[in-house]
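Atom set for the values below is all heavy atoms of this structure, side chains included, hydrogens, waters and symmetry mates excluded. Order of the sequence lines fixes the chain letters, A, B, ..., with proteins taken first and strands second; residue numbering starts at 1 for each chain.
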Amino acid sequence: MARELLGARLVSTVGGVRTVGVIVECEAYEGLDDPASHAATRTGATERNRAMFGPAGHAYVYRIYGMHWCVNVVTGRRDDPQAVLLRGVEPLEGEVEMSRRRRGRKPLAAGPGRLCEALGVDGALYGHDLRHPPLVLAPGWVVPDDAVGVSGRIGVRAAAERPYRFFVRGSAGVTR
DNA sequence: ACTCCGATTGTT
DNA sequence: ACAATCGGAGTA
């Protein structure tokens with residue numbers, strides 16, 4: 001599922017301003033059987049992770065380190081809490097606005113926290129249906145297999161070795 | 001009630 | 001290499 005999100009467009013009209021990016025890096029979180037997931041079996045459904053237990057195509061947004069936002073696309077069916085963390089996009093439209101939101105810092109949208117800041121994503125979009133504005137997951141381009149890299153997940157302790165991170169080789173929107 | 005620490009980022 | 005910054009989750 002995560003692999004297929006590469007090349008998709010993320011269209012934000014938060015604040016009435018249009019900013020668009022192509023997804024070039026993401027990570028899969030397998031829910032119940034995945035110790036790194038916020039929806040691992042031990043915890044079950046909680047106030048924070050309940051969006052992941054809902055239908056696919058909605059946003060699971062959470063705060064990390066008390067200061068950054070991260071956004072996931074829920075990919076499992078109801079009660080199957082799978083999700084894909086969006087880790088990086090390449091700007092397509094509204095690069096000036098993205099830079100303004102980022103207060104001139106670079107990189108612009110490489111990294112989950114930076115991506116959210118650049119596109120104006122925050123807790124107000126918790127559980128949001130990504131078929132509708134102000135945040136839409138739209139078709140983009142098919143990324144050929146030879147352009148896709150795979151690796152372990154970044155920043156996690158548990159099950160970090162699982163090959164669940166997918167990225168577009170050589171893209172400026174990919175971290176590290 | 002209290003402690004630990006994180007799916008990160010920016011600066012030293 | 002390390003600080004910033006705070007709420008979720010586990011323990012008591």
Kindly say if A/R114 contacts the phosphate of B/dG10, meaning a side-chain N or O under 4.0 Å from OP1 or OP2. yes
Using a cut-off of 6.0 Å, state whether more than 12 heavy atoms not belonging to A/R169 lie near its atom CZ. yes
Taking only side-chain nitrogens and oxygens of A/R153, does any of them come within less than 4.0 Å of OP1 or OP2 of B/dG6? no
Considering only the C1' atoms, how many Å lie between C/dC2 and B/dC5, rounded to the nearest integer? 16 Å
Complement of C/dT5, any strand, by Watson-Crick or G-U distances under 3.5 angstrom: none
Side chains of A/E25 and A/T175 only: does a donor on one sit below 3.5 Å from an acceptor on the other? yes
Run the salt-bridge test on A/R101 and A/E117 with the 4.0 Å N-O cut-off and return the result as yes or no. no
Per nearest nucleotide of DNA chain B, the residue lying toward the 5' end, A/V156 or A/K106, is A/V156
Within less than 4.0 Å of OP1 or OP2 of C/dA9, is there a side-chain N or O belonging to A/T46? yes
Tell me: CZ of A/R105 to C1' of B/dT8, nearest whole Å? 12 Å
Whether A/R48 contacts C/dG7 is assessed here as follows: a side-chain N or O lying under 4.0 Å from the phosphate OP1 or OP2. Is that the case? no
Interatomic distance where CZ belongs to A/R157 and C1' belongs to B/dT8 [whole Å]: 16 Å
By the 4.0 Å heavy-atom rule, please label A/R63 as base, sugar-phosphate, or nothing. nothing
Which part of the nucleic acid, if any, lies within reach of A/I64 when heavy atoms closer than 4.0 Å are counted: base, sugar-phosphate only, or nothing? sugar-phosphate
With respect to the side chain of A/H68, which nucleotide from B/dG6, B/dA7, B/dT8 is positioned closest? B/dT8
A/A172 and A/A110 have their tightest heavy-atom pair at O-CB, 3.8 Å
Students often get this wrong, so: under 4.0 angstrom with heavy atoms, is A/R102 touching a base, only sugar-phosphate, or nothing? sugar-phosphate
Once you round it to whole Å, what is the distance between C1' of B/dG10 and CG of A/L108? 15 Å
Does A/R87 make a side-chain N or O approach to OP1 or OP2 of B/dT8 shorter than 4.0 Å? yes
Whole angstroms only, please: what is the OH-C1' distance between A/Y62 and C/dC6? 15 Å
Between atom OH in A/Y126 and atom C1' in C/dG8, what is the gap in whole Å? 12 Å
Please report, rounded to the nearest Å, how far the P atom of B/dT8 is from the CD atom of A/E27. 7 Å
Using the aromatic ring of A/Y65 (for Trp, its six-membered ring), decide whether it stacks on the base of C/dA4 within the limits of 5.5 Å and 30°. no
Side-chain N,O (A/H38) to OP1/OP2 (C/dG8) below 4.0 Å: no
Would you say the side chain of A/V14 lies within less than 4.5 Å of the side chain of A/V121, judging by non-hydrogen atoms? no
Which of these, A/L108, A/T19, A/L119, sits in a side-chain contact (heavy atoms from CB on, under 4.5 Å) with A/P91? A/L108
Whole angstrom is fine here: how far is it from CE in A/M52 over to C1' in C/dG8? 12 Å
Measure the distance from CD on A/E47 to P on C/dG7 and round it to the nearest whole Å. 14 Å
